[in-house]
Each structure stands twice: as structure tokens, then as C-alpha cells.
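Below is one structure, written out as C-alpha cells; comments come after it.
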Amino acid sequence: MLRIYAAAKAFRDNFLEWPPLSRKGQAAKSSGKMLWAIAEAALDIGRRRLTTAARSAQKCSALYLVDLGSAAIALALALVLRYGIAGLSARPDTTVVLMWSGLQYVAICAFVFPLSGLYSRNWKYGSISDLFTILRAALLTSLLLVSLLFFSTRLSEIPRTVVPLQSLLLIACLAASRLSFRADEISLARPAFRIARNGAGKADHRIPLLIVGAGDAADLYLRALARDPNTTYLPVACLDKTADHIGMTLRGVPIAGRIEDFENVVCELQRVNRQPRHVVFTEAPSTFGDAASDELLKSAERLGIAVSRLSQMTELKRAKTENPYELRSIELTDLLERPQAALDKEAIRRLVSGRRVLITGAGGSIGSELTSQIAACAPAEIVLIDNTEYNLYAIDMTLSENFATVPRFSYLCSVRRSQRVDEIFDRHRPELVFHAAALKHVPMVQMNPCEGVLTNVIGTMNVANAAKKFGTLAMVQISTDKVVNSTSVMGATKRLAELYCQALDLDGVKTAKGPRFMTVRFGNVLGSSGSLIPLFKRQLARGGPLTVTDPCMTRFFMTIREAVELTLQASAYGFEKQLGQGEIFVLDMGEPIKIIDIARRMIQLAGFTPDREIEIKIIGCRPGEKLFEELFDETDKRINSPVPGVLGAVPDPIPLPTLSDAFTRLQRHAERGNEKGLKAVMRELLPRYEPEPVHTNGHPLQERTPLRRNFAKGGPRRNGYDKGARKELGLPGS
């Protein structure tokens with residue numbers, strides 16, 4: 001086209017300017033050259049167009065031959081519809097004309113179809129606009145046929161009504177052949193949107209989605225999900241801006257109500273066991289109205305439902321700006337087989353607001369989330385304690401960027417050093433203490449038991465004693481499900497820390513003075529440092545394999561955010577209402593999940609096929625690990641807690657003087673490196689503790705299953721409760 005434009009411009013400038021007579025000969029010569037250039041360019045373009053058309057027809061040879069056959073059939077059917085079979089039998093000459101005209105028409109179509117662009121498109125993604133290509137090809141071939149027949153027979157042998165009939169039939173045939181490319185969308189009820197069960201009877205584990213919006217963006221998103229056989233999401237309903245389309249469906253998904261009807265729709269879906277665990281805005285929330293969007297967000301947060309926004313393909317991501325609605329490639333909440341617990345933020349704010357708060361282990365996974373959530377509740381000041389320089393620096397920088405107005409003080413300090421701990425407490429006189437500092441990696445503590453005792457036992461004692469000495473209102477200790485029927489050093493040390501805080505709390509009740517000492521126990525948190533999710537992500541980035549210790553290993557899981565929120569909520573209720581004195585707050589973590597199922601889910605969410613594209617490798621249990629964890633010890637008395645999302649456990653208490661004396665001996669053995677004496681003292685305090693014998697290299701002397709099953713007859717219990725107990729306490733699943 002550029003060559004034609006240049007030649008035409010030159011022709012206009014040199015031929016159409018009407019130069020003087022003296023220059024007529026020169027102008028005529030120049031104009032001749034321009035005309036030749038135009039002709040040459042037109043021939044070159046025509047040659048290229050023909051070559052491209054021929055190549056496209058060659059690539060789609062099967063479709064090309066089907067179209068030519070459709071053209072011949074359309075012409076024959078048009079004559080049959082015009083005359084009928086009996087009429088054609090009475091007109092033998094018409095059959096001869098039909099054959100001759102049919103050959104001419106097929107030849108015209110063979111030339112025109114490729115030039116019309118019928119084979120230069122991917123018809124699997126054809127749309128309404130591509131229908132004009134079919135119309136153009138059918139009308140052009142029909143006009144050429146009429147012209148040819150007019151000059152050859154004056155249309156004396158073929159009735160004029162045959163031509164429009166033939167055109168309509170040809171359009172239908174061409175469209176039908178192209179619809180075959182999208183045969184998978186013919187079914188009205190999409191298989192991708194059905195709750196399926198496999199042959200083993202296991203439930204469909206796709207994430208139930210509630211779509212907000214029923215427009216073009218929602219249609220594209222649902223179409224993409226329907227085409228993906230490995231999708232991890234299951235749309236269960238749509239919400240629209242208005243009530244005009246309620247009762248209709250969008251790609252097989254019912255439009256259940258308006259955005260204002262969010263809570264009612266969720267309740268209805270719960271009744272049919274299709275409760276959504278994720279809400280997806282298909283358009284910017286502002287398009288649905290700021291008030292309605294804000295109300296939906298608050299309701300979703302209250303119900304524990306994650307909210308995301310579908311990223312627009314035309315929307316450029318802005319650096320340094322995090323979109324809270326953007327769908328992530330892997331959502332940690334998607335790995336949980338339950339909705340997250342609801343939250344009472346006002347109670348948490350009343351606990352923290354205007355108070356001096358000290359957090360140990362502030363740079364760790366739990367500690368950093370605790371720090372951020374506490375800073376958001378406007379405390380008078382935050383005192384950060386951590387033994388790792390970089391972790392302390394990182395959380396200090398986070399606070400300076402996000403909560404610059406909150407006064408903060410950062411201290412490099414090991415909780416093992418009682419003098420340093422007392423110095424910090426004396427300087428700041430904290431009103432609330434959250435003790436998250438601990439050695440938590442089971443195999444590492446198993447190989448270094450003296451260090452585990454010094455940090456988890458003696459460190460907790462130092463912090464608790466300082467809290468009591470310097471007038472703290474309440475101390476909250478973060479514990480773990482590893483304490484239950486523990487066979488690992490880490491679990492035993494955290495169990496002793498629980499017992500010490502319980503003894504101090506009961507002593508405060510007896511003497512009617514002293515701070516509240518509360519302990520919150522929960523299982524694994526997704527995404528914490530040293531946990532399996534970061535490990536699986538690194539292994540996925542390398543292309544696998546994902547390593548799992550045992551195919552039967554199960555764990556309780558919770559996100560860091562939810563664990564910290566419930567910890568703060570339990571602390572707020574316990575302090576404000578004086579609940580749980582002498583108790584352990586146990587977070588209700590739902591059903592345990594197999595580690596191997598988490599691995600498979602991670603692989604699927606990353607877009608791969610487990611065991612085919614990414615291998616899962618079984619490597620065997622590590623020192624101190626159990627095949628499954630429990631939330632209640634055999635000796636725990638289980639009670640119903642009034643705190644939402646929290647259960648209660650009352651361990652058999654050990655008198656404070658007994659613990660103090662034993663801890664003194666533990667500290668002496670640990671500082672001297674006497675592992676044998678250390679474990680002997682731990683067995684005195686924990687008669688059911690069975691330490692696993694360890695080689696010098698840290699591996700167990702013999703293969704065994706280091707666990708006790710706390711199951712009643714008839715199978716495992718949820719969170720350690722049997723059905724009768726759950727019914728008595730009014731817990732879910734009773």
C-alpha cells in the first residue's frame with residue numbers, strides 16, 4: 001500500500017498540475033513512469049494477496065474442501081426447493097444446467113473464498129464480527145455466479161429465486177462448519193460448573209466462587225474457567241448491579257441477587273452446601289457503588305470470606321501500589337478446606353488502643369503479623385524484642401513505612417538473658433506483653449535440646465517473671481499443637497511453658513493480684529518461615545519434586561493473619577471479661593489436612609499436573625515428627641469457650657514452686673550441655689513425655705511412629721472431640 005500511495009502522489013504532482021507547454025513532453029514522460037509504478041505496485045500486491053490466500057487455504061485444506069462441497073450442495077438444494085424433486089425429474093435439461101452451473105460456481109468459490117479471508121482466522125475464537133466475513137464471501141460468490149450466468153445464458157435456465165435461496169443456504173453451511181470448532185460450548189450446563197465427585201467418593205475440592213458482576217468481564221472470566229479442565233475454582237452464583245437479571249443464568253451460573261443481597265445469597269448457598277470461600281469482583285468495585293462495595297467487604301470480612309478483584313487485561317499494574325482486589329496466582333486461603341473464622345475487631349481495639357505493648361520475637365512470622373495488627377489499633381507505644389538483627393530491622397522498617405505515627409522501640413535481646421529482659425521491662429513498663437519468641441523447628445530443636453530448653457522454657461520464664469515484677473496487665477503466650485502428647489523436645493518445652501503461665505495465672509487468681517497470663521494454642525500456620533508453603537514454592541520454582549515426609553501425615557492449618565486475629569480476639573475476651581483463668585485458648589482449626597493434599601493443591605494452583613508434570617517425592621519422617629497432631633492432650637479437660645472461633649482446654653496444673661525448682665535444674669543442665677539430665681527433669685514434669693533417642697548426627701536410632709492416637713472407637717475425632725462432646729458443647733460438626 002505504501003508503494004501505491006507513493007506512486008499516486010507522484011502521479012498527482014507531475015501529471016495533474018497542468019504544466020506549461022514547454023514542459024509537456026517532460027511531464028508526459030514522467031507521468032508514464034508513474035503509471036507504470038502504480039501498475040507494478042498493484043501487481044505486486046495482487047501477487048502477494050494470492051500467495052497468502054493460497055497458503056491459508058492449504059493450511060485449512062479440510063475446511064476448504066468442506067466449504068466447496070457446501071457451495072455445490074447449497075446450489076443443488078436451492079433448485080430442489082424451487083422445483084421439488086418431481087419438478088426436477090420432469091426437467092432433464094435443468095439437471096444438465098445444474099451440473100454445468102455447479103462446476104462454474106465451485107470454481108468461483110475456490111477462487112473467492114481464500115481471498116475473502118475465510119481461512120485466515122482461528123475460528124475457535126470466532127465472534128459475531130467474523131460473521132461479516134462469511135456474509136461477504138457468500139454474497140460475492142453469488143454476484144459473480146449471477147454475472148457469469150447472465151452473460152452466458154441470460155439466466156434463462158435457472159430461476160432468479162434460486163440465487164437468494166442458494167446464498168442463504170451457503171451462509172448457513174459456512175457458519176455451521178465454523179461452529180464445529182466451538183462444539184465444547186454447545187452444552188448449556190457446563191461440566192466445569194458442576195459439583196463433581198470422583199469414583200472414590202471424594203468431594204469436589206475446587207474453591208467455590210461468588211462472582212460480583214454479570215456483564216462482559218464476568219462472561220469472559222466464566223468462559224475462561226469453563227475452557228480450563230484443570231480449573232481450581234467453581235463459580236456457584238453471580239450478583240448483579242440491578243434486579244433486572246435475577247433468576248437468569250450467565251454461562252450456566254445463576255444470577256442470585258443484587259450486590260446488596262450478599263449476605264442473604266451466602267445464607268442460601270450455605271443451605272445447599274455451596275458456601276463461597278472467595279468473592280471475585282469482575283469490575284472495579286466503584287462501578288457497583290462505593291457504599292454497596294464497602295458493605296460487601298465488611299460482610300465478607302465478618303463471614304471470613306476472601307475478596308479479590310479480577311485484574312483487567314487492559315489495566316497496567318502500578319509499581320509500589322498493591323491492589324487489594326487483585327487475584328493472586330496462589331492464595332494461601334485457597335489451600336484451606338473451610339471458610340476463615342469471623343472476627344470481633346472492636347474487642348481487639350479496646351484491648352490495645354492507648355496501651356504500651358511489648359512483643360517478643362517481633363520479627364518472626366507470627367511476631368511480625370502481631371506487630372502489624374497491633375500497630376493498626378493505635379497503641380500508645382510498641383516495644384519490639386528480637387534476637388535476630390535482620391528480622392528486627394525488617395519489622396522496624398515496616399512500622400516506619402506503614403505506622404509512622406506509632407511510637408516504637410526496637411531491642412536486640414535474647415529472652416534467655418533475664419537481666420536484659422528486666423532492664424527493658426523496667427524502662428518501658430509495658431501493659432500488654434505478647435510472647436512469640438521461640439525455637440519452633442521440630443527437627444532442629446530435637447538435635448539441639450539444650451538450646452530449645454533455654455529459649456522455650458527459660459526464656460518464657462524470664463518474660464513471665466518480668467511481666468509480673470513490673471506490673472504488666474496481661475501476658476499472652478503463643479503455643480503450638482506440638483505440645484499435645486509430645487514426643488519431640490520442642491513440643492515438651494512449649495508444654496512446660498504453657499504449664500508455667502498457667503501456674504502464674506492460677507496464682508494471680510488465688511492472691512487476687514498480678515497480671516493475667518493467657519496461652520493461645522494452635523497448629524501450623526501457612527506461609528510462616530520454615531513452614532512447608534515457602535518450601536513448596538521454592539521446589540515449584542525449581543521444577544520439583546515436592547518433598548513430603550509421609551503420605552499419611554496430616555496437620556491442622558491456618559493462615560498467619562487468621563491465627564493472629566483469633567489470638568488477639570481470645571486475648572481481648574480473656575482480659576476484658578476475665579475468661580479462661582487457668583485455661584489454654586485453643587483455636588478451632590477445623591479438620592486436619594493431609595500434607596500430600598496440600599502439595600497437590602499447590603501444584604494445581606501453579607498450573608501443573610501432580611505426578612505428571614511435577615513429582616511428589618516421599619522422603620520419610622524427620623526427627624521428632626509425628627504422623628498427625630492433636631489440639632488436646634490426654635490430660636486436658638475440654639470446655640466450651642464463649643470466644644468465637646476458640647475452644648478451651650484446662651491442663652492438670654503443676655504448683656508454681658515445683659515448676660520454679662524444676663526450671664532451675666533445667667537451666668543448669670542446659671547451660672552445661674547435659675542432655676541426659678535435662679530430659680530426666682522433663683520426664684519428671686511430663687510423665688507421658690517419651691523422648692526419642694537421637695544419634696550424634698541428629699537422626700533417630702530406629703524407625704518408629706512417635707505418636708499416640710487419642711481416638712475413640714469408631715475413628716478420629718474433630719479437634720479431639722467426639723460427636724457427643726461436640727454436640728454437648730454446641731460446636732460445629734456435632
Side-chain angles (χ1 to χ4, degrees), residues 341 435 438 456 460 464 474-488 490-509 516-525 555-556 558 563 566-575 577-592 626 628-654 659 685-689 707-712 716-734:
H435 179 51
N456 295 351
T460 300
M475 172 179 163
V476 181
Q477 179 193 204
I478 307 299
S479 189
T480 170
D481 59 356
K482 306 295 186 298
V483 306
V484 177
N485 300 322
S486 57
T487 59
S488 67
M490 197 280 274
T493 57
K494 294 295 287 182
R495 179 67 167 180
L496 292 176
E498 282 189 357
L499 291 171
Y500 191 75
C501 287
Q502 180 197 29
L504 286 174
D505 198 36
L506 292 174
D507 184 67
V509 174
R516 281 297 316 274
F517 289 90
M518 296 172 281
T519 298
V520 180
R521 180 194 297 170
F522 51 85
N524 293 39
V525 288
R555 290 291 183 268
F556 293 100
M558 183 174 278
L566 287 178
T567 296
L568 291 173
Q569 180 163 280
S571 307
Y573 277 64
F575 177 74
K577 302 179 180 180
Q578 292 299 303
L579 299 175
Q581 293 180 329
E583 299 177 13
I584 307 295
F585 292 115
V586 183
L587 303 189
D588 190 353
M589 305 188 72
E591 296 289 351
K626 299 193 293 185
F628 72 97
E629 301 290 357
E630 303 163 273
L631 294 177
F632 294 92
D633 195 86
E634 292 175 352
T635 60
D636 287 345
K637 178 184 177 183
R638 304 162 196 173
I639 61 174
N640 188 13
S641 172
V643 185
V646 179
L647 310 173
V650 182
D652 290 338
I654 297 178
L659 286 174
L685 298 172
L686 305 173
R688 292 178 176 79
Y689 168 57
L707 55 87
R708 304 184 197 88
R709 292 190 177 272
N710 189 20
F711 288 166
R717 298 191 295 250
R718 172 174 174 160
N719 286 344
Y721 285 106
D722 57 25
K723 288 187 176 180
R726 292 189 72 83
K727 184 174 182 181
E728 180 182 349
L729 298 177
L731 298 176
S734 50

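Minimum heavy-atom separation, Val650 to Gly582: CG1-O, 3.9 Å. Taking each heavy atom of Val520 and Ala570 in turn, the nearest pair found is CG2-CB, 4.5 Å.
Of the candidates His435, Glu498, Lys494, Arg495, Ser479 forms a side chain to side chain donor-acceptor pair (under 3.5 Å) with just one, namely Glu498.
Taking OG1 of Thr460 as the start and CG of Leu499 as the end, the distance is 11.5 Å to the nearest 0.5 Å. Within the model, atoms CG of Leu566 and CZ of Phe585 stand 12.0 Å from one another, a figure rounded to the nearest 0.5 Å. To the nearest 0.5 Å, atoms CE (Met518) and CG (Leu504) are separated by 13.0 Å.
Using a 4.5 Å cut-off on side-chain heavy atoms (C-beta onward), Gln502 and Ile654 make no contact. Contact of the Phe522 side chain with the Thr567 side chain is registered, since non-hydrogen atoms from C-beta on lie closer than 4.5 Å. Residues Ile584 and Val483 are not in side-chain contact: their nearest non-hydrogen atoms beyond the backbone lie 4.5 Å or more apart. Within the 4.5 Å cutoff, the side chain of Leu496 has heavy atoms near those of the Leu685 side chain.
Ion pair Arg516/Asp505 flagged as a salt bridge, since at least one NZ, NE, NH1 or NH2 atom sits closer than 4.0 Å to an Asp/Glu carboxylate oxygen.
No side-chain donor-acceptor contact under 3.5 Å links Ser486 to the backbone of Lys482.
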